[in-house]
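Take a look at the structure below.
Computed from a predicted structure; not experimentally measured. In what follows, every chain begins at residue 1, and chains take the letters A, B, ... in the order their sequences are listed. For the numbers below, each heavy atom of this structure counts, side chains included, while hydrogens, waters and symmetry mates do not.
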Amino acid sequence: MHIDLDAFFASIEQRDHPEYQGRPLVVGAKPGKRGVVATCSYEARRYGVRSAMPISEAVRRLPPETVYLRPSMTRYGEVSRQIMQALEGISPAVEKVSVDEAFLDISGMQRLIGPPEVIGRRAKSVILEGVGLTASVGIGPNRLIAKLASDFRKPDGLTIVLADQVQAFLDPQPLTILRGLGAKSAPVLQRIGLRTVADVRRLSLLELRRHLGDLAGTKIHEQAHGIASDRVHLDSERKSISKETTFNEDITDPEIVRDTLHWAAQEVGYIARQEGRRGSIVTVKIRFQGFETHTRSRTLTTPTSTDKEIFQQAWELYQSEQWVGRPVRLVGLGVSGWASDAAKAAEQADLFDEITADHAPKQERLYQTMDAVSDKFGRKSVRFGVRRRKE
DNA sequence: TCTGGGGTCCTAGGACCC
DNA sequence: TCTGGGGTCCTAGGACCC
């Protein structure tokens, strides 16, 4: 089962401000500035406004009474948390895909709750009663079909696709609904005359691979036949932390680049430390006038989470290029490559060496040392570290 | 028309090692 | 003068998703 909140950010704003209800509302960039629409209310969609549309274009289309708001991510995150909690009351297997989307494994819930339709209605009602928002729900034999089913009827929809209905459900839909056919690869297939999923399904695996590449071709071939994973995973660990900003006007002063990297390093470092992570890859991202984008990354020998170290690495990366003087549109910075278990083990062994080297090899001392190491890394890993030393 | 911000994943070449 | 094959890591770019 896939659950997708309807116009999530916009709906929260309309819920919390009754005066906004029934009016076109846009959450996103400030009108007159650079940026795009994050989400807009259904009243705004009637004017053809969509997510990711440049804000300037949205302003051109929308009437003067439109409400424009900047996103309040902290508030939306809190509502999201409440929703996910409510969904856990239906099935313990909830996979949060984003702030407004989740998969639930409801196989085996039928005896407890009832047929799929009853489970779908239950999901919608716990969300409506819990946070006062509507969601669209899709139920299908795998993740792809559930996701496409929740998209099928919006807002406030409930679509159930049984296993023997999958092909009939997919075939007439435009090929762009398939995951991974975006702005570049969808036109590749459209240029050879394909329009619907049925058209794609008529192509052989070999032909699709030839047009899209081996991996993408295989994936699209599977999807067109309704084949996809039916697993609901636990939420996986994040792999990177990044911060970036686009300037209202392109800048040329390297001091502003420096200050921005400094700010981004503080933001990223703060989150990393809060989550107890240290990363060994620092990446700088620069977008010049005209949208030309470059990244430069560096792998450190010692993972870090300190603002100073992250900033230093980023600033060096920036300075090592012939970039100074070019008008800059965006500056960003990221950290990834978390210290692996092996790296942690090596590091703790080093710490152990360091501490033991400083002390007389008395048994009592050794125990104290092990306590010190275990305070830092946990009891289990100390045993691991000691064993490692014997090898 | 003029393109946010936060992510993940894939590709591809080169280095390096066995 | 000609130089395999496989695996892994590093780096840069880019497609795609929400």
Inset, instruction - Kindly state which residues belonging to residues 90-103 of chain A come within less than 4.0 angstrom of DNA chain C, counting heavy atoms of the residue only, listed by number. - result: A:S98, A:D100, A:E101
Legend entry - Lys/Arg-Asp/Glu bridge criterion (N-O < 4.0 Å) met for A:E321, A:R326: no
Legend entry - Atom pair distance, as rounded to whole Å: CG in A:D4 and P in C:dC18: 8 Å
Inset, instruction - Go through A:R81 and A:E78 one step at a time and tell me if the salt bridge (Lys or Arg N to Asp or Glu O under 4.0 Å) criterion holds. - result: CA-CA 5 Å; A:R81 208 187 50 72; A:E78 176 53 28; 2.9 Å; yes
Legend entry - Nucleotide-resolved protein contact map, nucleotides 1-7 of chain B, B/S/- at heavy-atom distance under 4.0 Å: BSBBBSS
Inset, instruction - Cation-pi check, A:R46 to A:Y42: give yes when NZ or CZ is under 6.0 Å from the six-membered ring centre and within 45° of the ring axis, no otherwise. - result: no
Inset, instruction - Indicate yes or no: does A:R298 engage A:E316 in a salt bridge with an N to O separation below 4.0 Å. - result: yes
Legend entry - NZ/NE/NH1/NH2 to OD/OE distance under 4.0 Å, A:E101 and A:K147: yes
Legend entry - Rounded P spacing from B:dG4 to C:dA15 in Å: 15 Å
Inset, instruction - Could you list all the salt bridge (Lys or Arg N to Asp or Glu O under 4.0 Å) pairs where at least one residue sits in residues 160-174 of chain A, not counting sequence neighbours? - result: A:D171-A:R201
Legend entry - Interatomic distance, A:I281 CD1 vs C:dT8 P [rounded to whole Å]: 17 Å
Legend entry - Span that lies between the C1' atom of B:dT3 and that of C:dC16, in whole angstrom: 16 Å
Legend entry - Steps toward salt bridge (Lys or Arg N to Asp or Glu O under 4.0 Å) verdict (A:R75, A:E13): CA-CA 10 Å; A:R75 237 179 348 119; A:E13 299 297 351; 2.7 Å; yes
Inset, instruction - Count the heavy atoms belonging to other residues, nucleotides or ligands that lie under 6.0 Å from CD of A:E65, then report whether that count exceeds 12. - result: yes
Inset, instruction - Compute whether any side-chain donor of one residue and acceptor of the other, for A:D6 and A:T134, lie under 3.5 angstrom apart. - result: yes
With the criterion being N/O to N/O and under 3.5 Å, what pairs connect the protein with nucleotides 10-17 of chain B, and how long is each?
none

Legend entry - Neighbour count above 12 (heavy atom, 6.0 Å) for A:R238 CZ: yes
Legend entry - Watson-Crick and G-U pairing of DNA chain B written in dot-bracket, each distance under 3.5 angstrom, with | for inter-strand partners: ....||||||||||||||
Legend entry - Aromatic ring pairing A:F9/A:Y76, orientation class (parallel under 30°, perpendicular over 60°, tilted between): parallel
Inset, instruction - Can you sort out the partners of A:H211 under ring pair (Phe, Tyr, Trp, His ring centres under 6.0 Å), two or more places apart, ordered by chain and number? - result: none
Inset, instruction - From the options A:Q266, A:Q274, A:R273, select the one residue that forms a side-chain hydrogen bond (donor to acceptor under 3.5 Å, both in side chains) with A:Y270. - result: A:Q274
